[in-house]
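What follows is a short report on a single structure.
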2 protein chains.
Amino acid sequence: MTSNQRKENSSKTAEKILAVARKVFAEHGYNGTHMDEIATRANVNKATLYYQIGDKDTLYANVIHQVIGNVAQDIVRAVAEARTPEEKLKAYIACIAQAVDKNPEIPPIMMREIASGGVNLPRLVVEDFVSVIATLMGILEEGTKKGIFIETIPFLIHMMILGSILLYKGSLPIKDRQTWLPASIRNKDKKIKGNIANEVAKLILRAVKKSRV
Amino acid sequence: MTSNQRKENSSKTAEKILAVARKVFAEHGYNGTHMDEIATRANVNKATLYYQIGDKDTLYANVIHQVIGNVAQDIVRAVAEARTPEEKLKAYIACIAQAVDKNPEIPPIMMREIASGGVNLPRLVVEDFVSVIATLMGILEEGTKKGIFIETIPFLIHMMILGSILLYKGSLPIKDRQTWLPASIRNKDKKIKGNIANEVAKLILRAVKKSRV
DNA sequence: GGTCAGTTTAACTACATGGTTAAATTAATC
DNA sequence: GATTAATTTAACCATGTAGTTAAACTGACC
């Protein structure tokens, strides 16, 4: 076994590369991203990048895993901790919103990934998605059986939740950039900035719950 | 003035190029699309492509315009024809769903466009979006004033509607491709195939309407 | 201070891709 | 059937980009 400082420095550069790659892939997508840009923005020689991580596909796979790998487990855990279907559904939504809040690279990357039919998605990640949807199906079924929820199409509900959050968050840059956009549209939702989870949860629950109290 | 047949043939090739470009851009996105592939799949020499249409940006702008240029006007018109806020909201949703049904290139292209912050969107198209959202704001405000709807965040509602449809439609290829996906997820929503408009409308109205009859 | 493994670097290669050009082809008009 | 303008084509060019290589550097250990 050799030095420690070397290893630390080395893993530091690797992390820096990963962090930068994450941003760049989110900005430009897989095809729009150039290894040179990543190297430059990470203050690293391109060969170092290849030495530390590998080719473009590997780098992208790493980013994907880092970005959306853990969300699934979070969701499953958070849902398990909640008691009623209603609480579970709230936890489900909060988890997704929180994940997106924590790393804003999720919307662009996921939307592009869906757009391209998930060609670049590692099997492991797809399996994560499956477990997430399965969780939601469980929640909805339980709710329906208990007479709390109406009958629904789980896959659609999931896309409604995910779509709301992804598109809402993902559109903020456009909205902010288009300075000539009518103020009525730009300002109307300032009040909920950063926390749409509650609003989405409210709407989804209203849509799904049978009786209103 | 010269021949007519020439012009017809010429415009035919141009249309063929446009049609193919649409598909290819939808499949691979702007950066992932190569002019050679378009030319090949359109059975046209690459120089012909450039002669008929122009460079890549121009071609893409044409595609964008063709794909999502007319939807906005459709929505505004359809909404204007409806009477009550509830009917208007239904028309709004039906219009979007119908547009997506008619050309399945919308989801991938729009999602990627949002993902990249709308950098490639012609101003005209952005203006169309604005008019759409403005329309929805009108509907929601009217409904709220009349005491039919609860108070909401229009921009979020729009993203909820659009997100549901885009992600649902856009994810079908993935779902279908992943043959190893649990049958419970794959089949659960066979019944609504091709017509999620009603389902989305039902859910959104449940979410937004004040009293339930 | 010499050696050695891990790490970084400048320079380079191979190839793909957006775009061009000049010549060939086509069909209408005389 | 010669002319002419619109259209198509094969071959070409310039540039950008993923990936490589061999040499230089770094710091721990003897």
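The figures that follow rest on heavy atoms only: side chains count, while hydrogens, waters and symmetry mates do not. Throughout, protein chains are lettered first and strands after them, A, B, ... in sequence-line order, and every chain is numbered starting at 1.
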Whole-Å gap separating [atom2] ([N]) and [atom1] ([X]):
X       : N      : atom1 : atom2 : value
A:Asp36 : D:dA18 : CG    : P     : 6 Å
A:His28 : D:dT17 : NE2   : P     : 11 Å
A:Leu49 : D:dT20 : CG    : P     : 12 Å
B:Leu59 : C:dG19 : CG    : P     : 10 Å
A:Met35 : D:dG19 : CE    : P     : 6 Å
A:Asn31 : D:dA18 : CG    : P     : 10 Å
B:Asp55 : C:dG18 : CG    : C1'   : 9 Å
B:Ile53 : C:dG19 : CD1   : P     : 13 Å

Task: salt bridge (charged side-chain N to carboxylate O under 4.0 Å, His left out) pairs, two or more places apart, involving residues 59-70 of chain A - done: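 Residue pairs with at least one partner in residues 59-70 of chain A: there are none.
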Task: Pairs involving residues 63-76 of chain A, ordered by first then second residue, that meet salt bridge (charged side-chain N to carboxylate O under 4.0 Å, His left out) (sequence neighbours left out) - done: A:Asp74-A:Arg77
Open item on the list: I'd like to check the salt bridge (Lys or Arg N to Asp or Glu O under 4.0 Å) partners of B:Lys202; sequence neighbours left out, ordered by chain and number.
Closed with: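 For B:Lys202 the salt bridge (Lys or Arg N to Asp or Glu O under 4.0 Å) partners, ignoring immediate neighbours, are B:Glu199.
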- [ ] Would you please name every residue forming a salt bridge (Lys or Arg N to Asp or Glu O under 4.0 Å) with A:Asp55, sequence neighbours left out?
- [x]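 Applying salt bridge (Lys or Arg N to Asp or Glu O under 4.0 Å) to A:Asp55 gives none.
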[X] side chain near [N] phosphate (N/O to OP1/OP2, under 4.0 Å):
X       : N      : answer
B:Tyr51 : D:dT7  : yes
A:Gln52 : C:dT8  : yes
A:His34 : D:dA18 : yes
A:Thr48 : C:dT9  : yes

Task: Close residues, residues 17-27 of chain A, relative to DNA chain C [heavy-atom separation under 4.0 Å] - done: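 None, since no heavy atom is under 4.0 Å.
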Open item on the list: Strictly below 4.0 Å, N to O, side chains only: are B:Glu81 and B:Lys88 in salt-bridge contact?
Closed with: no
- [ ] Please check if the side chain of A:Lys169 supplies one atom and the backbone of A:Ser164 the other of a donor-acceptor pair under 3.5 Å.
- [x]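 Side chain of A:Lys169 to backbone of A:Ser164, a donor-acceptor pair under 3.5 Å: no, none is there.
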Open item on the list: Restricting to side-chain hydrogen bond (donor to acceptor under 3.5 Å, both in side chains), what partner residues turn up for B:Tyr50, sequence neighbours left out?
Closed with: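 By the side-chain hydrogen bond (donor to acceptor under 3.5 Å, both in side chains) rule, B:Tyr50 matches no residue at all.
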Side chains of residues 17-30 of chain A: which donor-acceptor pairs under 3.5 Å do they make with residues two or more places apart or in other chains?
residue : atom : partner  : partner atom : Å
A:Arg22 : NE   : A:Glu105 : OE1          : 3.3
A:Glu27 : OE1  : A:Arg41  : NH1          : 3.2
A:Glu27 : OE2  : A:Arg41  : NH2          : 3.1
A:Tyr30 : OH   : A:Asp57  : OD1          : 2.4

Task: A:Thr13 side chain, from C-beta outward: closest of C:dT8, D:dA6, C:dG18 - done: C:dT8
Task: Set of side-chain contact (heavy atoms from CB on, under 4.5 Å) partners for A:Ala72, sequence neighbours left out - done: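 For A:Ala72, the residues satisfying side-chain contact (heavy atoms from CB on, under 4.5 Å) (neighbours in sequence not counted) are A:Asp128, A:Ser131, A:Val132.
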Open item on the list: Just to be sure I understand the geometry, which residues of residues 39-47 of chain A put a non-hydrogen atom under 4.0 Å away from DNA chain D?
Closed with: A:Lys46, A:Ala47
